[in-house]
Number of protein chains: 2
Amino acid sequence: MNFTKTTSYSLHVLAYMARHENKIMSASYLHRQLDIPYSYLRSVLLDLSRKGLIMGVKGRNGGFCLGREKKDIYLSEIVNATEGIDVLNKCIMGYEKCPFDNVCIFHSAWTRMRDEILDILENTTLADHLNSTDISKSNINQ
Amino acid sequence: MNFTKTTSYSLHVLAYMARHENKIMSASYLHRQLDIPYSYLRSVLLDLSRKGLIMGVKGRNGGFCLGREKKDIYLSEIVNATEGIDVLNKCIMGYEKCPFDNVCIFHSAWTRMRDEILDILENTTLADHLNSTDISKSNINQ
DNA sequence: TTAAATTGCTATGCCTGGGTAGCAATTATG
DNA sequence: CATAATTGCTACCCAGGCATAGCAATTTAA
Ligand code: FES
Ligand code: FES
């Protein structure tokens with residue numbers, strides 16, 4: 001009923017990196033700053049790195065930084081890299097051909113919200129995001 | 001990002017039963033009518049039965065019928081019996097204190113939709129549902 | 001009486017999201 | 001050089017949603 005934790009973690013990490021640009025941050029540092037389980041954070045970072053959203057720097061004093069400028073990273077790409085943006089194209093009720101003739105009782109509320117979220121994801125970059133919200137100190141679910 | 005299949009199955013079964021009230025329907029009959037995998041349908045029905053939403057009748061020609069009058073079964077009870085209605089109280093981004101001060105970028109779209117869905121769930125009975133939608137022949141996801 | 005159809009119940013399996021752990025390779029520091 | 005800190009990578013574990021299969025008990029039909 002909401003984004004996966006992996007997506008949430010990724011958005012947090014990338015937003016944090018955007019806020020402190022040009023700084024190389026290690027997994028252990030990010031772990032301390034964002035309260036994301038270390039081992040899992042490692043695998044999330046590896047994944048984001050493989051997908052080009054961040055760039056890994058090996059060796060002592062190594063770490064990660066944004067793979068592109070923050071004004072060129074759209075939130076939709078992040079969601080796509082984790083759970084895939086298709087989650088938003090599914091009918092809330094599990095129907096196959098939802099958006100068309102097959103209208104359930106939740107249909108209107110669901111599609112309206114879906115369109116709004118999609119619009120936000122596709123038109124907000126990390127740079128925009130910095131100006132609109134403040135998620136520096138996380139209180140993410142455990 | 002949407003209701004579980006179990007919830008969807010349950011809503012379908014109960015809506016179908018409401019439409020044909022006072023008729024005892026076996027699992028295999030419902031399976032044929034609603035295209036829900038037989039074995040899984042069995043366990044869903046057992047669960048709904050244990051929770052009192054439907055009533056099981058044993059023996060040949062046995063089956064299930066609504067546990068209460070259709071005007072006394074609210075959709076929220078059904079969702080509660082399957083995945084729990086709490087899914088709707090979480091921040092879409094994984095924040096802890098969503099509805100209060102901690103506002104993420106999706107907050108407005110998310111809470112608006114959430115309130116609408118909750119309102120529908122808590123104020124719609126199976127009887128109301130019959131008058132508003134038609135989900136008799138399902139094309140549910142496999 | 002025997003067989004068929006049914007629910008009640010339990011055990012099992014698969015897949016995915018979330019999470020842990022460890023090892024090799026790389027780089028900086030003492 | 002030796003050690004510490006780091007990423008890259010892989011293997012593994014666990015829980016829950018989804019699904020299958022089978023057995024016992026009950027009831028009806030032939
Ligand atoms: S038919 Fe898909 S949300 Fe209603
Ligand atoms: S703070 Fe995220 S949806 Fe409310």
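Each chain gets a letter, A, B and so on, in the order its sequence line appears, and its residues count up from 1. Atoms considered below: every heavy atom in the structure, side chains included; atoms not considered: hydrogens, waters and symmetry mates.
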Rounded distance [0.5 Å steps], CG in A:Leu75 versus CG in A:Leu126: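 Here the interatomic distance stands at 6.0 Å.
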What integer distance in Å separates [X]:[atom1] from [N]:[atom2]?
X	N	atom1	atom2	result
B:Ile24	D:dT27	CD1	C1'	12 Å
B:Tyr40	D:dG16	OH	C1'	10 Å
A:Asp47	D:dG8	CG	C1'	13 Å
A:His31	C:dG19	NE2	P	12 Å
B:Tyr29	C:dT7	OH	P	13 Å

Which listed nucleotide ([options]) is nearest to the side chain of [X]?
X	options	value
A:Leu46	D:dT10, C:dG19, C:dG17	D:dT10
B:Tyr38	C:dT20, D:dT20, C:dT7	C:dT7
B:Arg50	C:dC9, C:dT20, D:dT6	C:dC9
A:Lys5	D:dG17, D:dT7, C:dG19	C:dG19
A:Arg42	D:dA29, D:dT7, D:dC18	D:dT7
B:Asn61	D:dG8, D:dT28, D:dA19	D:dT28
B:Phe64	C:dG8, C:dG18, D:dA5	C:dG8

Using only side-chain N and O atoms of [X], determine if any of them is under 4.0 Å from OP1 or OP2 of [N].
X	N	value
B:Ser49	C:dT7	no
A:Ser26	D:dT6	yes
A:Tyr9	C:dG19	yes
B:Thr6	D:dC18	yes
B:Ser39	D:dA19	no
B:Lys58	D:dA24	no
B:Ser28	C:dT6	yes

Using a heavy-atom cut-off of 4.0 Å across all strands, would you classify B:Ser43 as base, sugar-phosphate, or nothing?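 No contact at all - B:Ser43 keeps every heavy atom at 4.0 Å or more from the nucleic acid.
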Looking across every strand, which nucleic acid part, if any, lies under 4.0 Å from B:Gly59 by heavy atom: base, sugar-phosphate, or nothing?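 The answer is base, as B:Gly59 lies within the cut-off (heavy atoms under 4.0 Å) of a base atom.
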Between B:Tyr16 and B:His12, ring centroids under 6.0 Å: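 Between B:His12 and B:Tyr16, which both carry aromatic rings, the centre distance is not below 6.0 Å.
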Smallest separation among heavy atoms of B:Lys70 and B:Glu21, with atom names: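 Between these two residues, the closest heavy atoms are NZ-OE1, 3.3 Å.
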Could you tell me if B:Thr7 and B:Thr4 have a donor-acceptor pair between their side chains, going purely by distance under 3.5 Å?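 Looking only at side-chain atoms, B:Thr7 and B:Thr4 do form a donor-acceptor pair, the distance falling under 3.5 Å.
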Side-chain donor/acceptor pairs under 3.5 Å, residues 37-50 of chain A, sequence neighbours excluded:
unit_1  : atom_1 : unit_2  : atom_2 : d
A:Tyr40 : OH     : A:Thr6  : OG1    : 2.6
A:Ser43 : OG     : A:Tyr40 : O      : 2.8
A:Asp47 : OD2    : A:Lys51 : NZ     : 3.1

